[in-house]
Structures are given as structure tokens and as C-alpha cells.
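Take a look at the following structure, please.
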There are 2 protein chains.
Amino acid sequence: MSAQSAEQLLHLETLSETERKILLGALHCFIQQGYFNTRIPDIVAASGVSTGSIYHHFKDKQHLAEALITQLINGLDQAMAKLISQHETPMEQIHALIEWMLTLTDAEPELVSFILYARHREFLPHQPPLCTQQPFEKMRSLVVRARENGDLPPLDEMVLTAAVFGPTLRIMQAAVDGVLPRPAHTYSAALFATIERLSTASAEV
Amino acid sequence: MSAQSAEQLLHLETLSETERKILLGALHCFIQQGYFNTRIPDIVAASGVSTGSIYHHFKDKQHLAEALITQLINGLDQAMAKLISQHETPMEQIHALIEWMLTLTDAEPELVSFILYARHREFLPHQPPLCTQQPFEKMRSLVVRARENGDLPPLDEMVLTAAVFGPTLRIMQAAVDGVLPRPAHTYSAALFATIERLSTASAEV
DNA sequence: GTCTATATAGCGATAGAC
DNA sequence: GTCTATCGCTATATAGAC
């Protein structure tokens, strides 16, 4: 069951008890079966809240999903902000972020799968793509600051972000697809080694 | 309209004219609206084939999608095999593959989006994840051969594959999400520079 | 605010003529 | 093999009691 640390990512304090139960139940269903395979009665069963109550709090299934995604992105953003604040240099922050991403993948593979594969626009056409939102913005700004520090080479910002976080995201995807022989977090050192190599490469070529 | 080069990727020669029309129509719908948002009448309109005929050739909507994905993966695999056969060394093959992936992204963003975001297991629970299949297998074997050649450092196979192809896949994703300032293929040199850096890094650390 | 019971619309799939 | 017409079901959403 993914609700334990998912619950920590959805900062639900401002919501009523019923709304929290509905959102957590829906998240559980969406993670396991996807949005389209989830029927309202599934959410009723998972949340312990009746159909009528669900529709009292949320206009329809789509608006419920919208509220959930918003909360999830905000939660991710806050978790990342807290993590970043605990470290000094951009490279240390990148390192910590990568370790956290890998650890989260081991702890909550289905949640991570939901976020990674999240073709949210298929069911939420008005949602901007995930990579334009705060969490990915944070990655980009970390990379840019590391580049300014001289810790990363003076390459294009998009390419550099892709080179720093792309490999980790691929490993996470392999993990949730079940094709990774060891737990995801055991790859953190090797992944960080590839980033080190970006910066220490001999300046020729 | 994505059917032009999509058609080249779906090697449809062995199929009847009707089956080709159905698969192309369905692909067009799935690419644009996703599997769940596509109704049978949509496929009827897109293919010009009647409901009855569709159900004569395919057991149901799910089996139609299955046939389509199979054709698509086979087509990708064959296109990649041809491309690889035209080059000598593993590194040249990797280079050519990356250029091809980026060019395809510019030419067929919606098709690439469909493949990349492909949470196909949501509608095809029995389909193995894309990254276990031939196209990704090919990437892995190229990387392993380049490593044996000494062109890539002796890092873990999964990490190395992620480091070589992960950044390109991230750029492709950014492109199809519309957050890339320039066409995807213009990033190929910078992306290949990051791979060069993997191998030429000073051996210390 | 929460619940149960139900309406209704729209979808996948089929029947059967040609 | 292809088509039109239609069935039956199921899922969303609502009505209305408490």
C-alpha cells in the first residue's frame, strides 16, 4: 500500500477529513489501475466515503483528479525545497536530490511510476506537462547554478539538465518496470560518477 | 498528420488493405487522444472502415491495440537494425541512432510522445514494459560493445546505458512537451559531447 | 454533510442483410 | 468481407432521504 509516504507528499493539512480520505483513496486507485481503469465505486471502496459525498466535495471525476495532481506536485515541490535547503553547494544539492529520488523509487515504486509515466494530459487536457512545473524547474535551476559555480561544463542548459538528471530518471524507470537487478538506490554512486565525469573531462575534443 | 512516416514504421506489407486502414486509423486516434479517449466510431471515421469490419478483423478494441503496438515495436526494431547496419563501430552506431531519434522527434512529435509516454500497460496489462523489448535491448547491446571497445568507461551496464541514452530521451520528452526552444535535432552535437565526456574523463576520483 | 438508490447516456460489441 | 442498425451493459452523475 502506497498511502504511507504518499500521504507525506500530499500536504493535506488544510483539507477536511473526508476530502483527505477521498484523495488518498483515489490516489491509491489511480496508482494501481490508472485513471481510466478506476471506477467511482473503486474510490468509494478505497476511501470508505460514499458516492454522494465524493460528488459533494468534487464536481466530477476529472476535477477530483485535477485536485489530486495539484496536491501531488505541490507536495513534491515542498519535499524537494526542504531537501535542497539542507545542503550548501549546488552539487551537494544535486547529489542529495538524486539519492532522494532513488530512495523514493525503492520505497514507493508505484507512486513513482505514476509520476514518471504520468501522461496526465491524457485525462487532464488542461494540465501543463509535468516537466514545465516546479519540480523540474528546480532541477534546471540547480544545474544552472552548478554550471555558474564551475562545477559543470558550459554546455547548453537543457542538455546539461538532461545529462545530469536523465540517467537517474532512466534508472528509476527501469526500476519501476522491474528490469533493474538491484534496488535503485544502490546505483546512486555510479550515477553520480557519470556526473563527475561530465565536469572533469579533459578540455580537448 | 502522423501517418506518413508512421506508415513506414509499421511494416504493413503482409496485411490486407482493410487491416492496414484500420491499424493506421487507430494509430492516428491513439496518438492524438490516447487509447481510452478513442471510441470505436472515431476509428471508423479515421480509417473509413465500418464497425462490423473492424470487429471482423480484430476480436475487440484491446486486441486491436495489441496488434498495433506489436507492429510498432517491430517496425522500430527493424528501422534501428537497418540504421545500425549502415555503420561500423559501436560509437558510430550510437551516434547515428541518437541523430535518428532526434530527427524522428522533430518529424513525428506525437508518434514519439505516444512511444515515450507509452504507459501501454494501463490498457495492455499483458504487454511487457517497452524498455524490456528489442529497441531498448539494442541500445543496451550497443553500449556494452562500445564499453568492450574501450570507447566507454567500465561502469555498470544499466548505468552506462542510462548515461548514454538517458539525456537524449529527456531532450525528446522536452521536445514533445513543447518546452524545447530549438528543434530536437539541433541538440545532437551537444548531447554527443556529453557522451564524449564520459569516456575522456580523467581517470582519477 | 453523508448516505442509498436510481436515472441516463454512451460505449463496446453483435446480429444479420447484402 | 463489409456494412447498418441496434442491443445490453456499465459507469458517471443525480435525486432525495436522513
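Just so it is clear, the structure is predicted and the values come from calculations on it, not from any experiment. Order of the sequence lines fixes the chain letters, A, B, ..., with proteins taken first and strands second; residue numbering starts at 1 for each chain.
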Option among A:Val49, A:Leu64, A:Leu27 that satisfies the side chain to side chain contact (heavy atoms under 4.5 Å, CB included) test with A:Ile43
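For A:Ile43, the side chain to side chain contact (heavy atoms under 4.5 Å, CB included) test succeeds with only one of A:Val49, A:Leu64, A:Leu27, which is A:Leu64.
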Among residues at least two apart in sequence or on other chains, which ones pass ring pair (Phe, Tyr, Trp, His ring centres under 6.0 Å) with B:Tyr55?
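None.
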Compare every heavy atom of A:Gly34 with every heavy atom of B:Glu122, then report the nearest pair and how far apart it is.
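Minimum heavy-atom contact is OE2-CA, 3.5 Å.
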Mutual orientation of the aromatic rings belonging to A:Phe36 and B:Phe36 [parallel < 30°, tilted 30-60°, perpendicular > 60°]
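Rings of A:Phe36 and B:Phe36: parallel, as their planes differ by under 30°.
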Side-chain N,O (B:His56) to OP1/OP2 (D:dT2) below 4.0 Å
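Answer no for this pair, as no side-chain N or O of B:His56 is under 4.0 Å from OP1 or OP2.
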Using atom CZ of A:Phe58 as one end and atom C1' of C:dG1 as the other, report the distance to the nearest whole Å.
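From A:Phe58 CZ to C:dG1 C1': 14 Å.
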Anything under 3.5 Å between a donor and an acceptor, one on a side chain of residues 147-168 of chain A, the other on a protein residue two or more places apart or in another chain? List them.
from	atom 1	to	atom 2	distance (Å)
A:Arg147	NH1	A:Leu155	O	2.8
A:Asp156	OD1	A:Met158	N	2.8
A:Asp156	OD1	A:Val159	N	3.1
A:Thr161	OG1	A:Glu157	O	2.8

So if I take residues 37-45 of chain B and measure heavy-atom distances to DNA chain C, which residues fall below 4.0 Å?
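DNA chain C contact set from residues 37-45 of chain B: B:Thr38, B:Arg39, B:Ile40.
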Would one find more than 12 heavy atoms of other residues, nucleotides or ligands at under 6.0 Å from atom CD of B:Glu88?
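Not more than 12 within 6.0 Å, no.
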Does the side chain of A:Leu102 come within less than 4.5 Å of A:Leu191's, by heavy atoms?
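Yes, close enough: below the 4.5 Å cut-off.
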Atom pair distance, as rounded to whole Å: NE2 in A:His57 and C1' in D:dA13
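It works out to 16 Å between those atoms.
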Measure all distances between protein nitrogen or oxygen atoms and nitrogen or oxygen atoms of nucleotides 3-5 of chain D, and list the pairs falling under 3.5 Å.
from	atom 1	to	atom 2	distance (Å)
D:dC3	OP2	B:Ser50	N	2.9
D:dC3	OP2	B:Ser50	OG	2.9
D:dC3	O5'	B:Ser50	OG	3.3

In this structure, how many angstroms lie between the P atom of C:dT4 and the CD1 atom of A:Ile54, rounded?
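Computing the A:Ile54:CD1 to C:dT4:P distance gives 11 Å.
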B:Ile22 CD1 - D:dG1 C1' separation (whole Å):
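Spelled out: CD1 on B:Ile22 to C1' on D:dG1 is 11 Å.
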Using the ring pair (Phe, Tyr, Trp, His ring centres under 6.0 Å) criterion, which residues pair with A:Phe192? Sequence neighbours excluded.
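Residues passing ring pair (Phe, Tyr, Trp, His ring centres under 6.0 Å) with A:Phe192: A:His95.
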Rounded to whole angstroms, how far apart are NZ on A:Lys59 and P on D:dT12?
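Rounded to whole Å, this separation is 15 Å.
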Between P on C:dT2 and CZ on A:Arg20, what's the gap in Å once rounded to a whole number?
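To the nearest whole Å, that distance equals 13 Å.
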Take atom CG of A:Asp60 and atom P of C:dA9, then tell me their distance rounded to the nearest Å.
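Whole-Å distance recorded here is 17 Å.
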Closer than 4.0 Å, any side-chain N/O of A:Tyr55 to the OP1 or OP2 of D:dA13?
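Looking at the OP1 and OP2 atoms of D:dA13, one of them is under 4.0 Å from a side-chain N or O of A:Tyr55.
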Between P of C:dC11 and CD of B:Gln62, the distance in whole Å:
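Whole-Å distance recorded here is 18 Å.
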Can I get a per-line list of side-chain donor-acceptor pairs under 3.5 Å for residues 15-23 of chain A, giving both atom names and the distance, sequence neighbours left out?
from	atom 1	to	atom 2	distance (Å)
A:Ser16	OG	A:Glu19	N	3.2
A:Glu19	OE1	A:Ser16	N	3.4
A:Glu19	OE2	A:His57	ND1	3.4

